[in-house]
Amino acid sequence: MISLLSFVLFCLTFANNAYTAESRHKIFANPGDNVTLPCRLTHNTGFSFGGTGTRIKWIKLEDAFNEVDVLVSMGFHKVKYGRFQNHAHLQEADENDATLIINNLQLEDFGMYRCEIIRGMDENIVEVEIRMQGVVFPYSPRLGRYNLNFHDAETACLEQNAVVASFDQLYQAWKGGLDWCNAGWLSDGTVQYPITKPREPCGGTRAGAGLRSYGQRDKANSHFDVFCFTGGYDGQVFFVDQKLTYTEAVQACQDDGAELAKVGHMFAAWKLHGYDRCDAGWLSDGSVRYPISRPRMKCSPTEAAVRFIGFPDKKHKLYGAYCYRAHQ
């Protein structure tokens, strides 16, 4: 006979051995892609209490305090939640497969996901992060510097075909040379700015190069700029070489089967596709900018950059138009 204590010790040992250590994956994708988030049950023993079925749960980790349900599956019973009802499903290649497929990836789909798959005493937990390979850019509205609370910052980035950048994205941009002296919101609710060339107006010369942080700020009542992140686009940015008012620029793009380009389109065209043009043009937010990938006199003599002219009077007939045409 096996004593009760021996049986309990056996169960505890078995449970510990059956648990598979949590693993993490990163997937790089662009908006509109179909992505596959891998998750499988790993068997550590052939024994399973009670022959119970497989339970699968996928959640999206919005931040440290907020989780969003994506999908729950228990045998034939499956439930999908919210916006994931229309474009997420399980691959189910075999009985151990909990892989999630998200179709037509949207900006709000990027981020961290967790898969939990359990059958009897076998369990696996996997985290998968969907990242965009793209470009970080600072943004402030027509009203000027430091006019966005966190929620306005989210809206401002979305309106420019982007999302609020994460700390990791800003850090990678800083490593790539981004230097900007205005503080901006990040997706975790902190306010930071990247400095590659320390100087007095930007935190002083004694502080080394790096990300300068104001820490967590009140999302409703604090006002700063924002760092946006865009992963690209499925289309074409082109220039209309005429002197136009803002209204005429909108119409000129529409006449060519396009729309006035967003700031995110401009930065993606410049950074990801090497777009270079020494002509100032209207963008959809009412700003005037131009992209320089090959620095030269009279355009951008010292650095590759998207040059910012400002938010001129929309009635000025001084600038061309940058248009964006989506691929059909």
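Counting from 1, the numbers follow the sequence of the chain as shown. Every heavy atom of this structure was used, including side-chain atoms; hydrogens, water molecules and symmetry mates were not. The shown structure was predicted, so the numbers you read here are calculated from the model rather than taken from an experiment.
- His265 and Tyr324 have parallel rings, their planes meeting at less than 30° on a 0 to 90° scale where 60° marks the start of perpendicular.
- Within 6.0 Å of NE2 in His327 there are more than 12 heavy atoms belonging to other residues, nucleotides or ligands.
- Evaluation of the side chain to side chain donor-acceptor pair (under 3.5 Å) rule for Gln216 yields no partner, not counting sequence neighbours.
- A salt bridge does not link Lys57 with Glu67: every distance from a Lys NZ or Arg NE/NH1/NH2 to an Asp or Glu carboxylate oxygen is 4.0 Å or more.
- Side chains of Lys262 and Tyr233 form no contact here, defined as non-hydrogen atoms less than 4.5 Å apart.
- A salt bridge does not link Lys315 to Asp313: none of the charged side-chain nitrogens sits closer than 4.0 Å to a carboxylate oxygen.
- Not one N or O on the side chain of Arg212 forms a donor-acceptor pair closer than 3.5 Å with the backbone of Ile195.
- A ring-ring contact (aromatic ring centres under 6.0 Å, His included) with Trp282 is found for one member of Phe239, Tyr290, Tyr319 and no other, namely Tyr319.
- The side-chain heavy atoms of Ser187 and Phe229, taken from C-beta on, include no pair separated by under 4.5 Å.
- Nearest heavy atom pair, residue Val128 against residue Pro38, reads CG2-O, 3.8 Å.
- Side-chain contact between Gln192 and Ser213 is present, with at least one heavy-atom pair separated by less than 4.5 Å.
- In the hydrophobic cluster analysis, where Ile, Leu, Val, Met, Phe, Trp and Tyr join through side-chain heavy atoms closer than 4.5 angstrom, Leu260 is grouped apart from Phe238.
- A donor-acceptor pair is defined here as one N or O able to donate and one able to accept, closer than 3.5 Å; such a pair exists between the side chain of Asn149 and the backbone of His151.
- Contact of the Glu95 side chain with the Arg119 side chain is registered, since non-hydrogen atoms from C-beta on lie closer than 4.5 Å.
- Rounding to the nearest 0.5 angstrom, the gap separating the CD atom in Glu129 from the OG atom in Ser166 is 7.0 Å.
- Scanning for ring-ring contact (aromatic ring centres under 6.0 Å, His included) contacts around Phe224 gives Tyr146, Trp185, Tyr214, with sequence neighbours left out.
- The pair Asp168-Lys26 does not count as a salt bridge, with every side-chain nitrogen at least 4.0 angstrom from each carboxylate oxygen.
- Residues Val237 and Tyr275 have side chains in contact (heavy-atom distance under 4.5 Å, counting atoms from C-beta outward).
- With Arg277 contributing its side chain and Tyr322 its backbone, the two residues share no donor-acceptor pair below 3.5 Å.
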